[in-house]
Amino acid sequence: MDPVLFGANTQERIVAVHQQQESAMRVYSRTADSVIWEDADFYPFFFLTDASLLAGYRGKHWVKELSGSNAFRYLCAFPRWNEMWEAIRFLIDRHNQTAAPKIESYAELPWLHVRTDPVGQFLLQSGRTLFKGMAFEELHRMQLDIETYTGHGHRFSNANRVEDRIIVVALSDNRGFSRAIHGREFAEKELLEEVVRTIRERDPDVIEGHNIFNFDLPYILKRCELHGVDFAVGRDGSTFRSFETRTAFADRAVDVTSAEVGGRHVIDTWLLLQAYDVSKRTLESYGLKYAAQHFGFARQDRIYVAGEKISWYWDNEPDLLIRYAMDDVYETGKLSELLSPPYFYLSQMVPMNFGALARAGSAAKIETLLLREYVRQKQSVPSPSRGLQTTGGYTDIFITGIVEHVVDVDVESLYPSIMITDGIAPRTESIGVFTHLLTRLTAMRLDAKRAMKAEADPANRAKLDALQSSFKILINSFYGYLGYNRALFNDIEQADRVTMTGQAHLRRLIEAIGSRRGAVIQVDTDGIFFSPPDTIRGVEEKEEAFVPLIARELPEGIRLALNGRYKAMLSYKKKNYALLGYDNKISMKGSSLTSRSLEKFGRHFVAQCIDALLNRNIAALHSLFVSLWTDIAEHRLTVADFARTETLREGSLAYAESLERGERNKTASYEVALASGLSWKPGDRVSYYITGSDASVKGFENCKLAEEWDPTLPDENVAFYQKRLQELAKKFEVFFQPQDFRAIFSMDDLFPFSPDGIEILTVRLERTAPAEPDPDEPRIWLEEPGDDE
DNA sequence: AGCTGTGGCAGGGAGG
DNA sequence: CCTCCCTGCCAC
């Protein structure tokens, strides 16, 4: 096993590490038949740029000068945690007492670098990792879910609503145990104590829940506090330690009240689900019930209870409510089985504990791997450099309209491959760990994938799949790490080198396709949609053989793969298109076609129009438009159809302040949330609709919560929604001659609508780069000359 | 304390 | 009308 990747101490099976007090550390190791704990033997430390900063510090400490020429050249170690905190306080007082405003956080000191998470630092320094050599199935995982009694409906679950009480705690584990502890048998205080007893008796390694961090755990802890119950479910009898954290998922950040407990790991499947969706982008919601349906493990007889009906069920049908809670824990277990194994296997490599790994961002994972090796080799560590990346992926569009017989090729792992073949690494990374890790991870991933394909046993296959996807998580983060402003080992110039090289590869491929009489439709970063030369178009074997032909333009180590073949493609704009498969399935991509913030009627309308276009059914376009127009006019749509659902990314305070400073304008979604008097937190979603009678009303002055809509007195703004429909129809303007477009998308039925003679335009857009079209060449891909604006 | 990147489109509001 | 700017959402 590679020690750089897996750490030292390769035999030891550590189950968990826990910080017990400020100064104590417990390590829980597993023996053959039981779980034992032992004290840890290690020294807390931080890095300094200059050892003289600590001159005059009286407490016991050791200073080690590190090799290399990076910024942090000294490692200062201390006998206990308390002594390290004391030294940090000394540094702040001594070197910043005159600075105004006074520095309150050591994170702001450029000459000090300290990882203050004791567990993380222990793993980092000791070179140990968790669950070494274990299979996921060997984990003892327990699922938990609570139901609360509110007496009346509630919209946002709120752990601080102390007047609500817990009526059901459902528990299950992967060893056949399941039990509902509920308020028909216990008063709440006794109920909570029974939960503590049960968890300690079962003694699971992992506690799992869906949104357990932001709901179940804070709620339980709050109620325990009220009753004076010590929720001491830790292996050493300790209780939960909670702390606010922010987790970033692509472009949105989620605030989470994380919690840890001694000797166990907490896994929140709600977070895992969002991490999963960052790359997949297929989920409509992050709810447990939706996910269970989506992944296909919802039981046939599963009980569904709407959130606001829970109290009613408790009063009238308690057994059903209990079954509902048990169904929840069952689905939580299944969801975790699906999503958490890659993180479990990562915990055997990365010096973070399982629970922390499932919450951490990808840059943090890479950094701990680098840092562990730097500490082991006693090498100095660089400080982050600031900068802005100047380039990204290459995106372009060459043809709009409908193209028949389309091939999609993509460069496999474009950025990692470039980094490996060109040896791109941070210049400050002086001992070659970055490239070593990336190369080894890539090789191991390929091995795991190969082994998976050869494996017949489904259980082993699943394990290998989890293993290869844990490698993938890391591999894909190396490029992002380079450009991350707060990374110790960042290097913005090298990040630009990666993207520029990627752009060059793509342009070469585009040229290669064009010179062989193929027609490129759209390009995005590492993938190309094109129409193959007419001599091979639509013939599977020939199209497959075409791929290696153009791949010859790429350097050694950069591989091109056939990603898909399609019966037709509707190319709309950059990053916006729809595909019709040979199985007649349609998939749509792009914010202007599939955005979740589009009203439901709009999404449906766009999807139906695209279906009609791809199947060249012009008559259907017209009838879709006409029927929807009259449905709106006659109030035949319900609020679910025309409400808009948007995410509130800012809290109420941040929104108000932002308005105050004139940095943003009033927005309907926020105004509706404010007017309702509900409190919300960033990430909550709100549904609203537009009222009034004028199509040009200001949204923020004429909006109402979706739930306020009354079907007997529909007050939605008919003119506004009809205008919306027209705007949506405008998306399809580019596909028709102006007079045809007007005929299709209009209510004018002076003459009956006839699709005869209407053609769908396919337009080659004016381009200067990369390859100028030869005017003498026949434009084989053109179906209509079109008016190119 | 904890938070990978760039590129592109839509829609709304403010102001010319 | 139009342009600018901001936010939200999405592709990769």
Side-chain angles (χ1 to χ4, degrees), chain A residues 105-108 113-121 243-256 258 277-281 352 356-357 359-368 388-397 410-411 414-415 473-474 476-487 490 492 495-496 498-499 502-503 506 522-527 572-577 588-598 602 644-650 655 658-659 662-670 685 690 696-701 703 724 727-728 730-731:
Chain A
S105 159
Y106 37 77
E108 296 167 32
H113 179 72
V114 53
R115 290 184 52 87
T116 49
D117 160 24
V119 172
Q121 201 185 101
F243 45 101
E244 298 298 317
T245 53
R246 170 164 288 187
T247 309
F249 293 108
D251 52 358
R252 92 186 162 277
V254 179
D255 287 307
V256 175
S258 300
D277 200 41
V278 166
S279 54
K280 291 284 193 301
R281 282 273 167 202
M352 297 173 87
L357 257 171
R359 297 191 308 258
S362 45
K365 296 176 181 115
I366 304 274
E367 186 152 291
T368 57
L388 273 180
Q389 254 180 273
T390 55
T391 47
Y394 172 52
T395 304
D396 215 339
I397 182 165
D410 72 351
V411 182
L414 178 65
Y415 289 170
I473 291 171
L474 286 179
N476 288 340
S477 318
F478 276 74
Y479 156 72
Y481 183 83
L482 282 179
Y484 178 38
N485 255 315
R486 289 158 53 178
N490 65 0
I492 278 78
D496 276 335
V498 173
T499 53
Q503 291 209 7
L506 261 286
Q522 278 204 29
V523 180
D524 191 353
T525 309
D526 59 358
Y572 178 51
K573 288 187 173 172
K574 288 178 184 179
K575 295 176 192 277
N576 285 273
Y577 56 88
M588 298 191 297
K589 294 282 187 182
S591 63
S592 55
L593 303 180
T594 65
S595 174
R596 274 198 294 197
S597 65
L598 264 181
R644 208 175 237 273
T645 304
E646 281 174 2
T647 307
L648 305 168
R649 290 182 180 235
E650 294 185 324
Y655 173 65
S658 186
L659 279 181
E663 282 168 2
R664 68 172 295 166
N665 300 318
K666 285 193 172 180
T667 310
S669 49
Y670 287 87
R685 287 166 72 79
I690 302 297
S696 60
V697 292
K698 281 192 167 59
F700 70 87
E701 288 169 346
C703 47
R724 275 293 290 146
E727 278 163 10
L728 291 171
K730 265 196 189 144
K731 290 182 194 297

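Every chain is numbered from 1, with letters handed out A, B, ... down the list of sequences. Just so you know, these numbers use all the heavy atoms, side chains as well, and skip hydrogens, waters and symmetry mates. Computed from a predicted model, the values in this text were never measured in an experiment.
Inter-residue side-chain proximity for A:Asn476 and A:Tyr415 is flagged as unmet; no heavy-atom pair is nearer than 4.5 Å. At a threshold of 4.5 Å between non-hydrogen side-chain atoms, the residues A:Lys731 and A:Asn576 do not count as touching. In this structure, the side chains of A:Leu388 and A:Ile492 stay at 4.5 Å or more apart for every pair of heavy atoms. Counting only heavy atoms from C-beta outward, the side chains of A:Ser658 and A:Glu650 approach each other to under 4.5 Å.
Closest approach to the A:Thr395 side chain among B:dA14, B:dG7, B:dA10 is made by B:dG7 (side chain taken as heavy atoms from C-beta onward). Residue A:Gln389 has its side chain nearest to B:dG5 when only B:dT4, B:dC9, B:dG5 are considered. Side-chain proximity of A:Asp117 to the nucleotides B:dA1, B:dA10, B:dT4 is greatest for B:dA1. You'll find that the side chain of A:Lys574 is closest to B:dC9, out of B:dC3, B:dG13, B:dC9.
Residue A:Ser669 forms a side-chain hydrogen bond (donor to acceptor under 3.5 Å, both in side chains) with just one option from A:Arg649, A:Glu646, A:Arg685, and that option is A:Glu646.
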Pick out the pairs of N or O atoms, protein on one side and nucleotides 2-4 of chain C on the other, that lie under 3.5 Å.
none

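Atoms CD (A:Glu701) and C1' (B:dG13) sit 11 Å apart, rounded to a whole Å. The nearest whole Å value for the distance from the CG atom in A:Leu598 to the C1' atom in B:dG11 is 10 Å. The distance from atom NZ of A:Lys573 to atom C1' of B:dG7 is 15 Å, rounded to the nearest whole Å. With rounding to whole Å, A:Gln522 atom CD is found 13 Å from B:dG7 atom C1'. Rounded to a whole Å, the CG atom of A:Asp396 is 15 Å from the C1' atom of B:dT6.
Contact annotation for A:Tyr481: no contact, since no heavy-atom pair falls under 4.0 Å across all strands. Contacts of A:Arg115 with the nucleic acid, taken as non-hydrogen atoms under 4.0 Å apart, are absent. Note on A:Phe700: only backbone sugar-phosphate atoms sit closer than 4.0 angstrom, heavy atoms only; bases stay farther off.
Across A:Arg246 and A:Asp255, no two heavy atoms sit closer than the pair NE-OD1, 3.0 Å.
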With sugar-phosphate taken as primed atoms, P, OP1 and OP2 and all else as base, the protein-contact string of nucleotides 7-12 of chain C at under 4.0 Å (heavy atoms; B, S, -) is SSBBBS
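Taking the centre and axis of the six-membered ring of A:Tyr670, the NZ or CZ atom of A:Arg664 falls inside the cone set by 45° and 6.0 Å.
Residue A:Arg724 has a polar side-chain atom (N or O) positioned under 4.0 Å from OP1 or OP2 of B:dG11.
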